[in-house]
S.K.: 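Mind having a look at this structure? Questions to follow.
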Amino acid sequence: MKTYYALVDCNNFYASCERTFQPSLRHVPIVVLSNNDGCVIARSEEAKAVGIGMGAAYFEVKPLVLMYGVRVFSSNFALYGDMSNRVMTTLQEFSPDIEIYSIDESFLKIRTEKDPLEYAREIRNRVWRCTGIPVSVGMAPSKTLAKLASKKGKAQGGAFCIDEVNRTKILEDCPVEKLWGIGKQHAMKLCRWGLNNAHLLSKADNNWVLNHFPVTVLRTVEELRGTPCIPFEMEPANRKSICSSRSFKHDVTDYHDLSEALMTFTARAAEKLRQWNLYSQALSLFIQANPFSGRPYYANSLTIPLPVATSDTTELSDKAAIVLRRLYKKGYNYKKAGVVLMDLVTEKGIQQDFFDDVDREKRQRLMASMDKLNKQMGRDTVRTLGSGINRPWATRRELLSKRYTTCWQELKTVD
DNA sequence: TCTGGGGTCCTAGGACCC
DNA sequence: TCTGGGGTCCTAGGACCC
């Protein structure tokens, strides 16, 4: 029995999700936009081919969109999240050892006698058959090599395996900046030392690496040699922070509009907190003016500790309001704002405060009822008044597809 | 004039990831 | 007119302690 790490990566995931429910788009270029329809965050292969860059501003690529008939979508996370679950559930049929790494990627630990390349192809085919999502599968002796193998796999019919025989060649062909864990800064520095491909990096001396780079780079080096160094994490680690932030459709100048937005973000973050059964011990708030407006720029943030860890929307909203009063400066065009809940603990980790006069059990019951109603009847059915009614600051989402898999009213129909 | 040695904890900022 | 959102880990340096 041999053990392999497999990385399964959904190809152009968001674009593929849109395509699954509109098969007529199969060979049509597609892009998916970020929140606020600001920039491109996913592209089908056809869209890449006509020159639309990752992260490009939508208004800048509009000429290309028109010229090539590119179909454009606002991001539909209700759909992508649900499709992701379907893919991950399918993968679990292959191995109980699964690390869900992101919305569109999972590592699997595979023990098999079979030819690993055959096995990888089987994974790819089954995910395609069960979900309609195309994936690339890479098999290798470490996670870093599996990542590399899956990239290679994308160009090779969807599956690839790195072994002793082909490893040197693959590493020689791989520039260091393409490696998982090596970003722009480290890549530049490595190149200055002449280590411009993954093979040369794998031959570097350990002490030399440690003297010049953080230990994360040494881990990458070991992984390139085929020694697993990056832990395989099946249990999702408990969150350390939760953030909710947005850019606004229009610049916000009015204090009350900004406050409404931040109260909404606070409620959203608190909801997530309760979903994970966590409590926050500090609240941080940030506001940013529009850096592109040509007007004076202001950005600031402030963090306050919470005397007793809490996940109560009303309590957190009160604190956020206090922080905002201290941060807000009149006369700026605010473009973005957000709330970060930090120092998260589980119920066991809550330190009681002798002088605490809040009936926390009662508040917890209130939050539980609110969450239940919002889950059954739709988000924001019950909300705090401070989070606003008209929401002039709302996010732009003009090209949204249907929530085909999570909303009865929006199910796919057959004409 | 000259001022040790060893340790921990916290924080901000950098780098990286999807 | 229009430029995303949400995370983690590591390190250096400061504060503080004996």
Side-chain angles (χ1 to χ4, degrees), chain A residues 7-14 31-42 52-63 65 72-77 80-81 84 99-107 143-144 147 150-151 176-190 210-220 229-231 233 236-251 265 268-269 272-273 276 278 281-282 284 286 288-294 301-303 305 333 335-344 395-399:
Chain A
L7 179 75
V8 184
D9 189 329
C10 300
N11 298 343
N12 317 326
F13 183 53
Y14 300 164
V31 299
V32 177
L33 301 178
S34 64
N35 261 320
N36 224 30
D37 294 347
C39 52
V40 174
I41 55 168
I52 296 179
M54 181 64 175
Y58 178 39
F59 74 93
E60 281 177 355
V61 297
K62 234 173 195 167
V65 165
V72 182
F73 295 90
S74 300
S75 37
N76 182 347
F77 287 105
Y80 311 151
S84 174
E99 174 184 340
I100 298 174
Y101 179 67
S102 74
I103 193 166
D104 69 338
E105 274 178 57
S106 266
F107 289 101
K143 286 166 82 173
T144 302
K147 281 281 254 187
S150 88
K151 255 187 222 170
V176 279
E177 68 263 25
K178 300 277 181 199
L179 285 172
W180 186 44
I182 305 291
K184 223 176 174 179
Q185 301 303 317
H186 291 333
M188 266 163 47
K189 200 166 151 191
L190 286 166
L210 263 187
N211 281 331
H212 293 85
F213 293 92
V215 63
T216 46
V217 173
L218 182 58
R219 284 188 201 126
T220 300
C229 247
I230 297 173
E233 281 157 10
N238 260 338
R239 294 288 190 79
K240 305 199 165 148
S241 68
I242 284 173
C243 172
S244 174
S245 75
R246 286 287 176 281
S247 299
F248 307 130
K249 193 196 274 186
H250 308 289
D251 289 0
F265 303 155
R268 206 67 87 220
K272 287 191 217 169
L273 207 53
W276 288 79
L278 291 170
Q281 301 184 102
S284 183
F286 65 86
Q288 291 169 6
N290 189 344
F292 299 101
S293 70
S301 72
L302 184 64
T303 305
N333 296 41
K335 179 61 181 174
K336 185 177 176 180
V339 171
V340 189
L341 302 176
M342 302 188 301
D343 298 349
L344 308 185
T395 289
R396 192 193 305 266
R397 283 170 105 192
E398 287 166 356
L399 305 156

S.K.: Let me know the distance between OH of A:Tyr101 and C1' of C:dC9, rounded to the nearest Å.
M.R.: 11 Å
S.K.: For the pair made of OH in A:Tyr80 and P in C:dG6, what is the distance, rounded to whole Å?
M.R.: 16 Å
S.K.: Could you tell me whether A:Ser75 contacts a base, only the sugar-phosphate backbone, or nothing, with contacts defined as non-hydrogen atoms closer than 4.0 Å?
M.R.: nothing
S.K.: Using a heavy-atom cut-off of under 4.0 Å over every strand shown, decide if A:Ile103 touches base, sugar-phosphate, or nothing.
M.R.: nothing
S.K.: Could you check how far CG of A:Asn36 sits from C1' of C:dT1, rounded to whole Å?
M.R.: 12 Å
S.K.: NA contact type, A:Leu179, heavy-atom cut-off 4.0 Å: base, sugar-phosphate, or nothing?
M.R.: sugar-phosphate
S.K.: Nearest heavy atom decides the nucleotide; on that basis, is A:Lys240 or A:Arg396 closer to the 5' end of DNA chain C?
M.R.: A:Arg396
S.K.: For A:Lys151 and B:dC18, what is the distance between atoms NZ and P respectively, to the nearest whole Å?
M.R.: 8 Å
S.K.: Write down the distance between CG (A:Leu302) and P (B:dA12), rounded to a whole number of angstrom.
M.R.: 11 Å
S.K.: Please report, rounded to the nearest Å, how far the C1' atom of B:dA15 is from the NE2 atom of A:His212.
M.R.: 18 Å
S.K.: Find out whether the Lys NZ or Arg CZ of A:Lys335 is both under 6.0 angstrom from the six-membered ring centre of A:Phe292 and within 45° of the ring's axis.
M.R.: no
S.K.: Under the 5.5 Å and 30° test, is A:Phe292 stacked on the base of C:dT3?
M.R.: yes
S.K.: Could you tell me the separation between the CD1 atom of A:Ile41 and the P atom of C:dG5, rounded to a whole number of Å?
M.R.: 10 Å
S.K.: For A:Arg219, answer base if it contacts any base atom (sugar-phosphate contacts may also be present), sugar-phosphate if it contacts only those atoms, and nothing otherwise; contact means non-hydrogen atoms under 4.0 Å.
M.R.: sugar-phosphate
S.K.: Determine the contact category for A:Lys147: base if any of its heavy atoms lies under 4.0 Å from a base atom, sugar-phosphate if only primed atoms, P, OP1 or OP2 are that close, otherwise nothing.
M.R.: sugar-phosphate
S.K.: Checking all strands, does A:Lys62 fall into the base, sugar-phosphate, or nothing category for heavy-atom contacts under 4.0 angstrom?
M.R.: nothing
S.K.: Across the strands shown, which category fits A:Leu33 at heavy-atom distances under 4.0 angstrom: base, sugar-phosphate, nothing?
M.R.: nothing
S.K.: Reading DNA chain C from 5' onward, which residue's closest nucleotide shows up sooner: A:Asp37 or A:Arg239?
M.R.: A:Asp37
S.K.: Check every strand shown and say whether A:His250 touches a base, only sugar-phosphate, or nothing at a heavy-atom separation below 4.0 Å.
M.R.: nothing
S.K.: For nucleotides C:dC18 and B:dT3, find the distance between their P atoms and express it as a whole number of Å.
M.R.: 24 Å
S.K.: Give one of base, sugar-phosphate or nothing for A:Val215, where a contact means two heavy atoms less than 4.0 Å apart.
M.R.: sugar-phosphate
S.K.: Partner of C:dC9 by Watson-Crick or G-U wobble geometry, both contacts under 3.5 Å, or none?
M.R.: B:dG14
